Amino acid sequence: MLPRSLDDPQAYDIAQALLEGFNRHYRLFRQTSREAKQRFEAADWHGQQRAQRERIEFYDLRVDEAAERLEREFRAAELSRDTWQQAKLHYIGLLIDHHQPELAETFFNSVTTKLLHRSYFRNEFIFVRPAVSTEYIENDEPAATPTYRAYYPERSGSSEGLRETLLRMVDNFQLQREFEDLGRDVEYVLQAFRTQFGDGKVSANFQIQVLSSLFFRNKGAYLVGRVINGFRETGFALPILHTSRDQLVIDTALFGEDELLLLFSFARAYFMVDMEIPSAYVQFLRSLMPRKPRWELYNALGLQKQGKNQFYRDFLYHQRHSSDKFRTAPGIKGMVMLVFDLPSFPFVFKVIKDFYPPQKDTTREQIMSKYLLVKTHDRVGRMADSLEYSNVAFPRHRFEDELIEELRHFCPSLLEEEGDSLIIKHLYIERRMIPLNIYLQEATPEQLKHAVVEYGNAIKDLVSANIFPGDMLWKNFGVTRHGKVVFYDYDEIEYLTDCNFRKVPPPRNEEEEMSGDIWYAVGPKDVFPETFGPFLLGNREVRQVFMEHHADLLEADYWQGRKDRILAGYVHDVFPYDPHKRFRRRPGLGLGSLDAESASLSTSTQLGHNPI
């Protein structure tokens, strides 16, 4: 129902104030994303990681500022429904020529839902549905950079024309750091193109389209584009890294949806990308990865609040078109989290319990701080991203009675029953995976070997990112559809550098040796890796594979060595692609300037280890 008129002067001023708050947010967001290029050129890895962390906090800071302004200038919480309805309509008008309208709508929602009662959470007052189209938005400024550049290799797609095009593509980004040997790297890329596309016929529309901003994350920069030839479109990415002598190299060439899905995985940190029109980037990336939902692409671009908003819209849409019931999630029940799911929806919902067993010495605040740590940390492809929500209303009739009783018993402080709705005041939503303990029970010998090797790789990747997972039981890891093993139980994680890795001291006498009790003092952050075995390696087949590939995880020296390197300022490489794809590791291509440590990893890479 529309308001009778748009004559409330406060409504327009509120809309203007909200848009000013959003514009300030996106200006700062884009500035720190743009500066990622300078940090990459300077090899400022700690600065890059710090910027990635701090950027996540930008949004909530700007929302708080906008909400405070509305309260201070307009006493917003006391305004009438008619005023708020008019404010939304004025806001829509202000977005007609805006370049980030979908993000601005989400910002409107974030501020208003912070101020208003949930009875306002309807499309009359907030953007339950988007109001402004993001299709075909263009930056009409004369000197504006387009979303992507198109290149047309000359000489009918010959190697010479393609080589010149690839050189120009890289050169256009004007990286202020010398390449070790760009001509050599382009030859590697040409070989990869020939392997991928063969020497087939070149169509009249043959072109290469490349997004205008590089994608920065940790120690890498990624050139992302697509090759169009006739009716065939293939996405690709070229990772650009520093050598040990701080020159640049193109490390490999990634092609096709599956390899790009790993690069843009939900278990990796967000990219830093300089975007004037983010919806155009999402549309371009969606053409490369049609199986990846839009909300996940917004997340990957660092726009996690927009991703969260779009995910919730998808969730509401799914609820309207399904009839199955929420149930307690299958698997071993957790001590601190109550986990439920909807069988037809590939995600799980996690609620922190009100009380825990005595062995879990923790609090709700501590658990939430662990999830925030994971959100702001480098997840290195091994920790699932979580979507955090407050005051989520579910239709009560869609819940199994057993689940409702569990919620009432374990989480009464977070549960509110209102008419036909169940309101959960705080929860996390994560992608559903096959728990590793269940996967191993049903695995073939080959699948078991792969999963155990991946499990060890996952732990080593976490170690490289300065994360000690704490509880390393198989049930706390999941297997993705790509066969990757990912950690998802965060209540006991610690920074590796906060832990003290020790060897078990020998017993001083026969009485201590025969005792079933611990005979040595243990501090709160002491870890004894040699004691992991009895808890993890009861299965003979599992133990055999683990000891062949990851026996070092049972040695305190391994953990302490990694801790010492991190404390010394070293930032490890963890690659979002198979190590054997790296150009300078292929037989016949030579190692180039690869440093000694990386070269020494070539044997373990053949055994299935990720380089760290």
Side-chain angles (χ1 to χ4, degrees), residues 59 102-103 105-110 112-114 118-131 134 264-267 270 279 282 286 289-301 303-330 337-352 371 375 384-400 403-404 406-407 411 414-433 478 480-481 488:
Y59 188 88
E102 77 283 23
L103 309 188
E105 290 179 357
T106 294
F107 189 85
F108 183 99
N109 287 356
S110 297
T112 53
T113 55
K114 193 177 183 71
R118 64 172 171 266
S119 61
Y120 282 81
F121 299 178
R122 306 201 306 269
N123 202 50
E124 297 166 70
F125 307 105
I126 66 173
F127 294 92
V128 176
R129 297 189 301 273
T134 58
F264 285 84
S265 168
F266 67 91
Y270 306 138
S279 60
V282 169
R286 191 86 195 281
M289 298 171 280
R291 286 181 291 171
K292 202 164 191 68
R294 290 180 185 275
W295 69 264
E296 211 169 297
L297 290 170
Y298 275 107
N299 275 6
L301 295 171
L303 299 165
Q304 72 275 7
K305 296 296 183 179
Q306 183 63 25
K308 177 179 163 180
N309 187 21
Q310 299 229 157
F311 172 87
Y312 194 68
R313 286 170 175 162
D314 289 350
F315 173 53
L316 292 176
Y317 186 81
H318 180 85
Q319 282 190 93
R320 285 194 292 270
H321 294 83
S322 62
S323 58
D324 54 335
K325 292 192 173 186
F326 292 95
R327 60 176 184 177
T328 303
M337 288 286 197
L338 190 154
V339 184
F340 63 94
D341 71 356
L342 187 65
S344 63
F345 194 60
F347 294 85
V348 295
F349 303 77
K350 303 170 73 170
V351 186
I352 302 174
Y371 274 78
K375 170 68 73 174
D385 194 12
S386 300
L387 302 172
E388 185 178 7
Y389 290 90
S390 301
N391 296 316
V392 180
F394 295 88
R396 191 189 185 288
H397 71 276
R398 295 290 296 273
F399 278 63
E400 292 184 351
L403 174 56
I404 291 178
E406 282 198 58
L407 287 165
C411 318
L414 295 179
L415 189 67
E416 190 175 323
E417 301 186 45
E418 186 179 280
D420 296 330
S421 296
L422 279 180
I423 292 96
I424 298 180
K425 297 178 183 177
H426 182 265
L427 58 76
Y428 298 99
I429 303 177
E430 294 174 4
R431 185 174 294 280
R432 183 166 59 206
M433 291 173 274
T480 72
R481 64 184 178 187
Y488 54 59

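All values derive from a computational prediction rather than experimental measurement.
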Counting only heavy atoms not in R122, do more than 12 sit closer than 6.0 Å to its CZ atom? yes

Check R431 with E296, please: is the shortest side-chain N to carboxylate O separation under 4.0 Å? yes

Would you indicate whether the side-chain heavy atoms of E388 and Y371 approach each other to under 4.5 Å? no

Going by ring pair (Phe, Tyr, Trp, His ring centres under 6.0 Å), name the residues that satisfy it together with Y488, two or more places apart in sequence or in a different chain. none

Just checking, K308 and Y389: is the charged tip under 6.0 Å from the six-membered ring centre and within 45° of the axis? yes

Would R398 and D324 count as a side chain to side chain contact (heavy atoms under 4.5 Å, CB included) if you check the C-alpha gap in whole Å, the side-chain angles of each, and the deciding distance to 0.1 Å? CA-CA 7 Å; R398 295 290 296 273; D324 54 335; 3.5 Å; yes

Quick one: are H318 and L342 in side-chain contact, heavy atoms under 4.5 Å? yes

Less than 4.5 Å apart, side chain to side chain, heavy atoms only: is that true for I352 and M337? yes

Under the criterion side chain to side chain contact (heavy atoms under 4.5 Å, CB included), I'd like the reasoning laid out for V339 against T328: C-alpha separation, chi angles, the key distance, then a yes or no. CA-CA 6 Å; V339 184; T328 303; over 6 Å; no

H397 versus K325: any side-chain heavy-atom pair under 4.5 Å? no

Pair D314, R294 - check side chain to side chain contact (heavy atoms under 4.5 Å, CB included), show working. CA-CA 10 Å; D314 289 350; R294 290 180 185 275; over 6 Å; no

Sort out for me which residue in F399, Y428, F347 forms a ring-ring contact (aromatic ring centres under 6.0 Å, His included) with F340. F399

Does F349 form a ring pair (Phe, Tyr, Trp, His ring centres under 6.0 Å) with F326? I'd like the steps, not just the answer. CA-CA 10 Å; F349 303 77; F326 292 95; 5.7 Å; yes

Check whether the ring centres of W295 and Y317 lie less than 6.0 Å apart, and answer yes or no. no

Under the ring pair (Phe, Tyr, Trp, His ring centres under 6.0 Å) rule, collect the residues that match up with Y270, sequence neighbours excluded. none

On a heavy-atom basis, the closest approach of N123 and V128 is OD1-N, 3.1 Å

Shortest non-hydrogen separation from R313 to R129 and the atoms involved: NH2-C, 3.8 Å

For T106 versus Q306, what's the shortest heavy-atom pair and its separation? OG1-OE1, 2.5 Å

Locate the shortest heavy-atom distance separating A384 from F266; write the atom from each residue and the value. CB-CE1, 3.8 Å

